[in-house]
Every structure is written in structure tokens, then in C-alpha cells.
Peer 1: 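Following this message is one structure expressed as C-alpha cells.
Index from 1, following the sequence. Every number for a ligand or one of its atoms is a count from 1 in the order of the listing.
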Amino acid sequence: MDEAAVFRKDILRQFFDLGLMGIEIPEEHGGQGGSFFQCVLAVEELSAVDPSAGVIVDVQNTIVNNAILRWANADQKQRYLPRLARDTVGSYALSEAGSGSDAFALATRAVEDGDRFLLTGRKLWISNAAEAGLFLLFANANPAAGYRGITAFLIEREFPGFQVGKKEDKLGLRASSTCELILDNCVVPKANVLGEIGKGYKIAIETLNEGRIAIGSQMIGLARGALEHAIAYAKQRKQFGKTIGEFQGVQFELARMATEVEAARLLVYNAARLRDAGHPFVTEAAMAKYYSSEIAENVASKAIEVFGGVGVTKEYPVEKLYRDAKIGRIYEGTSNIQLVTIAKQLLG
Ligand SMILES: Cc1cc2nc3c(=O)[nH]c(=O)nc-3n(C[C@H](O)[C@H](O)[C@H](O)COP(=O)(O)OP(=O)(O)OC[C@H]3O[C@@H](n4cnc5c(N)ncnc54)[C@H](O)[C@@H]3O)c2cc1C
């Protein structure tokens with residue numbers, strides 16, 4: 001899947017059949033009735049094998065389903081939750097070419113037209129877009145009001161004027177699609193506004209605050225996967241008549257990696273626990289995402305070194321995990337943006 005840059009449809013089908021795409025969706029809407037913490041565990045486990053699988057389950061559960069559960073009205077829940085649990089992949093479309101970290105500078109416009117809105121603009125970097133049937137998309141319905149014009153829309157792939165554009169050819173996370181979206185007077189019924197008109201900024205911020213915890217879990221899963229490969233190799237590879245795991249230099253490296261993974265895991269689990277308990281968690285979520293993505297890159301890099309030369313080849317999975325780790329410091333708020341959030345809390 002990494003080489004072909006395609007996520008296998010049969011695996012996606014199994015995710016739906018296993019209930020992994022509707023973990024928090026209530027049973028009456030066809031989901032599992034689970035918790036946010038369980039989403040975090042699912043993303044971690046999948047990411048230990050393939051972080052691209054992790055991000056599909058992550059965006060679906062912790063962003064799209066989560067936002068619909070929190071802000072949709074009864075009619076929207078009835079229309080979309082059973083589909084999201086059964087067979088429809090969801091995408092979250094906030095970023096644009098000119099608005100990344102400064103997400104509220106988005107230029108996509110929504111113009112009111114009777115009982116519908118007409119949306120025009122372009123979105124960039126949208127995960128899962130190649131597979132998605134439903135897009136939670138942000139556009140500004142009142143640019144004069146600045147960010148207070150930002151509104152969230154539920155857009156079906158088949159809506160007139162909507163098109164999924166170019167797919168990016170990436171360094172890592174290659175099996176996860178990342179595409180451009182093109183909206184050309186895209187017709188969206190008013191019944192598909194999520195929450196209130198002009199309150200989309202709140203939906204965007206609050207879903208990202210929670211989604212960040214799950215990116216942390218993607219990164220701790222990835223790091224754990226790399227560590228496990230390194231341990232297995234250290235027990236088997238022989239040099240100087242001994243397994244390399246018998247050398248203290250290698251043992252200490254593995255011990256440091258394991259300590260980093262454990263520390264990051266506790267940050268992620270703590271943020272998820274606080275969120276489920278209804279306590280403030282924004283700073284803890286930023287710390288969890290920041291630290292997990294830093295250590296994931298480090299642990300994957302050290303895992304390659306434990307493998308020696310074969311570590312950089314495609315014979316073993318550690319080079320892929322290293323490539324997959326890079327995105328952790330960038331999406332759902334770069335490391336700098338997480339530090340800004342943490343510093344704000346410290347300094348007021
Ligand atoms: C693979 C992938 C998948 C993605 N998936 C999605 C998705 O599903 N939906 C979606 O909406 N978006 C998605 N994104 C977009 C992602 O969230 C943005 O790329 C990210 O927020 C950074 O924005 P940018 O790329 O414009 O970088 P910029 O904002 O231009 O940042 C460039 C650099 O400047 C730094 N910087 C910017 N502002 C500040 C500041 N105030 N203080 C200090 N440093 C700063 C950043 O930290 C960074 O190092 C995805 C991106 C990628 C690469």
C-alpha cells in the first residue's frame with residue numbers, strides 16, 4: 001500500500017465490519033457506543049503496524065463523527081451517523097493553500113441563496129478525501145465578520161459543484177490519501193449547516209483540540225511499532241559472536257527508546273482520560289501531540305540505527321515508520337502551534 005500509495009478497499013471494508021469506523025457512535029445509530037479513549041486505543045494499535053491505517057480511523061472517529069455527535073441536529077444525526085458507521089468515510093476540510101497554521105484566514109466563501117448556500121474555493125491537504133463520501137468543510141459565510149463568519153458544512157461527495165482534485169505524492173503516510181478539494185458554486189442545502197452559521201470557528205478549534213490527542217496516539221503507536229521491530233532484530237542479529245542485544249550500547253539505546261514511548265503514552269492517555277471525564281484538557285492535548293510526534297521521529301530513527309544498513313532498505317518496515325513519523329510534527333497544528341498553546345496557558 002505504501003509503494004502504490006493506495007489504501008486497500010478490502011481493509012477499509014473490514015474496518016467498518018469490525019466497528020472501528022463508528023467507535024463513539026451510539027448503538028441506535030449503528031455504532032459501537034464506545035468512548036473517546038477507545039478511539040485513541042484503536043488508533044494506537046493500528047498505527048503500530050501502519051500509521052496510514054491509524055489516520056483513517058483517527059479522522060473518522062475523533063474529528064468527523066465527534067463533530068457530528070456534538071453539533072449536529074437530530075435530522076443530521078439520523079441521516080449521517082448510520083452511514084458513517086456502516087460504509088461512508090469522512091474527511092475534515094479546513095486547510096487551504098493560503099491558510100494552514102492561520103486556519104481562520106480561509107478564503108472559501110459561502111453565499112446564501114434561498115434555502116441553500118453556494119460554496120466556492122479550494123481546500124488543500126485533505127486526508128481520506130480519495131475515499132470519503134462525506135466532508136466536514138469550513139467556509140466563510142460573512143467575510144466582513146472575520147473568523148466569526150466561518151461556518152461548518154456537511155458536504156456529500158455527489159453535491160453539484162464539488163470535486164476531489166489532485167492527490168499529493170508524499171514522503172510518508174503514503175497509503176493515506178491527501179487531496180485538494182475544488183468547490184465551484186457547490187450547492188449545499190441549509191439543512192447541511194453543522195451547528196450555527198458563524199460558529200464554525202468554534203467547531204474547528206474544539207474538534208482539533210480533541211483530534212490532537214489521537215494524533216498523539218498515532219505517534220505512540222508508530223514509535224512502539226518501531227521499538228518492537230528493533231528489539232526483535234537486536235535479539236537475532238549477531239556480530240562479534242554475540243547477538244547485538246548483548247552489547248550495552250544497543251541495550252541503552254533500546255532502554256531510552258522504551259522510556260520515551262512510555263512517557264508519551266502516559267501524556268496521551270492522560271489527555272484522553274481528562275477529555276472523557278469532562279475536565280479541561282487543551283494544554284495536556286497539546287503537550288501529548290507535541291511530545292509524541294517528537295519522540296516518534298526519534299524512536300523510528302534510532303530503530304533504523306539498531307538495524308544497521310538493512311534499516312534503510314525496504315526489506316524491513318522501520319524505514320517506512322521513519323518516513324511516516326515526519327507528518328506528526330506538522331498536521332493538526334505544527335509543533336510550534338502546540339508550543340504556542342502550551343505557552344499561552346503558562347503565561348496567560
Ligand atoms: C499529510 C497531510 C495531511 C493533512 N490532513 C489535513 C486534513 O485532513 N484536513 C485539513 O484541514 N488539513 C490537513 N492538513 C494540513 C495541515 O494541518 C497543515 O499543513 C498544517 O496545519 C500546517 O500548515 P501549513 O502547511 O500551511 O504550514 P504553515 O502554517 O505555512 O507553517 C510553516 C512553518 O511556519 C511555522 N509557523 C506558522 N505560524 C507560526 C507561528 N504563529 N509561530 C511559530 N511558528 C509558526 C510552522 O510551525 C511551520 O514550521 C494536512 C497536511 C498534511 C501534510
Peer 1: Could you tell me the residue and atom name of the protein heavy atom closest to atom 37 (C) of ligand 1, and the distance to it rounded to 0.1 Å?
Peer 2: Ser101 OG, 3.5 Å
Peer 1: Tell me, yes or no, whether the heavy-atom count around Lys344 atom NZ, taken from other residues, nucleotides or ligands under 6.0 Å, exceeds 12.
Peer 2: no
Peer 1: If we only count N/O pairs under 3.5 Å, is Ser99 in contact with ligand 1?
Peer 2: no
Peer 1: Does Lys202 NZ have over 12 foreign heavy atoms under 6.0 Å away?
Peer 2: no
Peer 1: So, regarding Thr178 and ligand 1 (criterion: nitrogen or oxygen to nitrogen or oxygen, under 3.5 Å), is there a contact or not?
Peer 2: no
Peer 1: Considering only heavy atoms of Ile327, which atoms of ligand 1 have at least one such atom less than 4.0 Å away?
Peer 2: 1 (C), 2 (C), 52 (C), 53 (C)
Peer 1: Report yes or no: does Val59 have a heavy atom closer than 4.0 Å to ligand 1?
Peer 2: no
Peer 1: Indicate yes or no: does an N/O atom of Leu94 lie under 3.5 Å from an N/O atom of ligand 1?
Peer 2: yes
Peer 1: Looking only at protein heavy atoms, identify the closest one to atom 42 (N) of ligand 1 and say how far it is in Å.
Peer 2: Val340 CG2, 4.4 Å
Peer 1: Got a sec, which residues hit ring pair (Phe, Tyr, Trp, His ring centres under 6.0 Å) with Phe135, two or more places apart in sequence or on another chain?
Peer 2: Phe162
Peer 1: Just jot down the ligand 1 atoms closer than 4.0 angstrom to any heavy atom of Lys170, in number order.
Peer 2: 1 (C)
Peer 1: Taking the six-membered ring for Trp and the single ring otherwise, decide whether the centroids of Phe153 and Phe138 are under 6.0 Å apart.
Peer 2: no
Peer 1: Output the list of atoms in ligand 1 that are nearer than 4.0 Å to some heavy atom of Ile330, sorted by atom number.
Peer 2: 20 (C)
Peer 1: In the protein, what heavy atom is nearest to atom 12 (N) of ligand 1, and what distance, to one decimal place, separates them?
Peer 2: Ser95 OG, 2.7 Å
Peer 1: Heavy atoms only: which of Leu136, Ile337, Asn128, Asp58 lies closest to atom 40 (C) of ligand 1?
Peer 2: Ile337
Peer 1: Check each atom of ligand 1 against the heavy atoms of Glu332 and keep those under 4.0 Å away; list them by number with element.
Peer 2: 17 (O)
Peer 1: Do Asn192 and Arg79 pair up side chain to side chain, a donor and an acceptor below 3.5 Å, judged on atom types alone?
Peer 2: yes
Peer 1: Going from OG1 on Thr120 to CG on Leu183, what distance comes out if it is rounded to the nearest 0.5 angstrom?
Peer 2: 7.5 Å
Peer 1: Within the structure, does Thr334 bring an N/O atom to less than 3.5 angstrom of an N/O atom in ligand 1?
Peer 2: yes
Peer 1: Is any side-chain heavy atom of Glu260 closer than 4.5 Å to a side-chain heavy atom of Asn298?
Peer 2: yes
Peer 1: With the threshold set strictly below 4.0 angstrom, can you tell me whether any protein non-hydrogen atom sits that near atom 31 (O) of ligand 1?
Peer 2: yes
Peer 1: For atom 35 (C) of ligand 1, which protein heavy atom lies nearest, and how many Å away is it?
Peer 2: Asn336 ND2, 4.2 Å
Peer 1: Looking only at heavy atoms, what is the nearest atom pair of Leu321 and Leu222, with distance?
Peer 2: O-CD2, 3.6 Å
Peer 1: Less than 4.5 Å apart, any side-chain heavy atom of Asn66 and any of Arg70?
Peer 2: yes
Peer 1: Got a second to check how far Glu332's CD is from Ile213's CD1, nearest 0.5 Å?
Peer 2: 10.5 Å
Peer 1: For atom 5 (N) of ligand 1, which candidate among Phe135, Trp125, Tyr92 holds the nearest heavy atom?
Peer 2: Trp125
Peer 1: For atom 8 (O) of ligand 1, what's the nearest protein heavy atom and its distance?
Peer 2: Ser127 N, 2.9 Å
Peer 1: Might you confirm whether atom CD of Glu28 has over 12 heavy atoms from other residues, nucleotides or ligands at distances under 6.0 Å?
Peer 2: yes
Peer 1: Return the option from Gly100, Ser177, Gly172, Gly211 holding the heavy atom at the smallest distance from atom 21 (O) of ligand 1.
Peer 2: Gly100
